[in-house]
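If you're wondering where the values come from, they're calculated on a predicted model, not measured in any experiment. Naming convention: chains lettered A, B, ... in sequence-line order (proteins, then strands); numbering from 1 in each chain.
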2 protein chains.
Amino acid sequence: MHQGGQEPDWLDEDEMQAWMALVRLLVRLPSALDAQLRRDASITHFEYQVLAQLSMAEGHTMRMSDLAQLADGSLSRLSHTATRLEKRGWISRATDPEDGRYTIATLTKSGMTKMVATAPGHVAAVREHVFEPLTTRQVQQLAAIANRIVGSIDSDTGPA
Amino acid sequence: MHQGGQEPDWLDEDEMQAWMALVRLLVRLPSALDAQLRRDASITHFEYQVLAQLSMAEGHTMRMSDLAQLADGSLSRLSHTATRLEKRGWISRATDPEDGRYTIATLTKSGMTKMVATAPGHVAAVREHVFEPLTTRQVQQLAAIANRIVGSIDSDTGPA
DNA sequence: CTCTACAACTTGAACGTTCAAGTCATTCCC
DNA sequence: GGGAATGACTTGAACGTTCAAGTTGTAGAG
């Protein structure tokens, strides 16, 4: 808010250009990736993330709260999403026998099949729009930049 | 399974790390900026973009279709948004007298006041989360990277 | 052992976006 | 000049996310 140095009220020309480019990226890339998943798999990017995290977990099982964090979403959002995924038969939920407060989500066999069918197309889209247009060096730069920005947001609000 | 040619099926470790960092950025930065605008100005980021574009236009006036493109949204989305902004008294719409197919949106005096009150806080948030955590060099890199990725998306779908 | 506090969900309503029509004005072509 | 084609919106319903309760389960204090 008030770093010691100078904080002009507006952005200079270079900053403005970078900012507009970033806004376009923030709008277009998510919508392009969402569009591919909706078109080819009738699934949301967030739903994909949920299924993907489960498919990578031990026993294809995870607590809802851990899953929410890994998939970058609120618990409420995950709960609604889980309801939908359950209706489609891709996951199931059960109370954690070791602690009744937790709910454990499990990827079903059908859900795993869905992932196997969906992942290659999605990875291809990511590759096409992110890794193909960039040099190896730019990919490293991007990772560093993204981590820096997210770090700044985390230190502002809940770092958890 | 992979290594066949230039397109392996999965991402290697560096790519995976970069990809996860990017996804986090794509989720967290928009929501952080939206949150600031909602909290301090009861306005959406898209609504802000619309008002900002109008405030920068000649005569604070623009065709809906041009506005939709500059604000990176569909015409339908802009139309709904315009209805809301009109109800709040920040813009007005009128048929283009030179061509009845177009609709011209104009920022009202009250809308300009809103912008003047809202912009500094939003710019501060952008500065805090984007420019402060990055070096000048990283800002340049980010702009180049964003343009590359958006270019790839544009060349795939509608370049317009 | 009960009472309070808290954490992990779940739910329903409100909100914004998308999608698929639908309306209206202009242009093109015969 | 009439009729199809095109482009610029607008509208309403469906969908997903957020926000504000509400429920349930456990731990901790007394």
Visitor: By the 4.0 Å heavy-atom rule, please label B:Ser65 as base, sugar-phosphate, or nothing.
Guide: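 Sugar-phosphate: the residue B:Ser65, judged by heavy atoms under 4.0 Å, touches backbone atoms but no base.
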Visitor: Would you kindly compare B:Met64 and A:Asp96 by the position of their nearest DNA chain D nucleotide and give the one closer to the 5′ end?
Guide: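 Here B:Met64 is the residue nearer the 5' end.
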Visitor: Identify the two heavy atoms, one from A:Tyr48 and one from A:Leu37, that lie closest to each other, and give their separation to 0.1 Å.
Guide: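 Where A:Tyr48 meets A:Leu37 most closely, the heavy atoms are CB-CD1, 3.8 Å.
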Visitor: Hydrogens and angles aside, do B:Arg93 and B:Thr83 bring a side-chain donor and acceptor to less than 3.5 Å of each other?
Guide: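 Indeed, the side chains of B:Arg93 and B:Thr83 share at least one donor-acceptor pair under 3.5 Å.
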Visitor: Tell me what A:Thr103 touches on the nucleic acid: a base, only sugar-phosphate, or nothing, going by heavy atoms under 4.0 Å.
Guide: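 Result for A:Thr103 = sugar-phosphate.
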Visitor: Work out which heavy atom in A:Ala18 is nearest to a heavy atom in B:Phe131; give both atom names and the distance.
Guide: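 Smallest heavy-atom distance, with atoms named: CB-CE2, 4.4 Å.
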Visitor: Between D:dG25, D:dT10, D:dT18, which nucleotide has the shortest distance from any of its atoms to the side chain of A:Asp99?
Guide: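 When the side chain of A:Asp99 is considered, D:dG25 is the closest of D:dG25, D:dT10, D:dT18.
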Visitor: Would you mind telling me which of C:dA8, D:dT17, C:dT11 lies closest to the side-chain atoms of A:Ser79?
Guide: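 Closest of the options to the side chain of A:Ser79: C:dT11.
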Visitor: For A:Thr95, which contact category applies under a 4.0 Å heavy-atom criterion: base, sugar-phosphate, or nothing?
Guide: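 Nothing, no nucleic acid heavy atom in range.
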Visitor: Starting at the 5' end of DNA chain D and moving along, which residue's nearest nucleotide shows up first, A:Thr81 or A:Gly100?
Guide: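 In this pair, the answer is A:Thr81.
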Visitor: For C:dT10 and A:Arg101 - does any side-chain N or O of the residue sit under 4.0 Å from the phosphate oxygens OP1/OP2?
Guide: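 Answer is no, no contact under 4.0 Å.
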Visitor: Between D:dA20, D:dC9, C:dT17, which nucleotide has the shortest distance from any of its atoms to the side chain of B:Arg84?
Guide: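 Nearest nucleotide to the side chain: C:dT17.
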Visitor: Would you mind classifying the nucleic acid contact of B:Thr83 as base, sugar-phosphate or nothing, using non-hydrogen atoms under 4.0 angstrom?
Guide: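 Nothing, no heavy atom under 4.0 Å.
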Visitor: Checking B:Ala57 now: which residues fulfil side-chain contact (heavy atoms from CB on, under 4.5 Å) with it, not counting sequence neighbours?
Guide: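 Partners of B:Ala57 under the side-chain contact (heavy atoms from CB on, under 4.5 Å) test: B:Met62.
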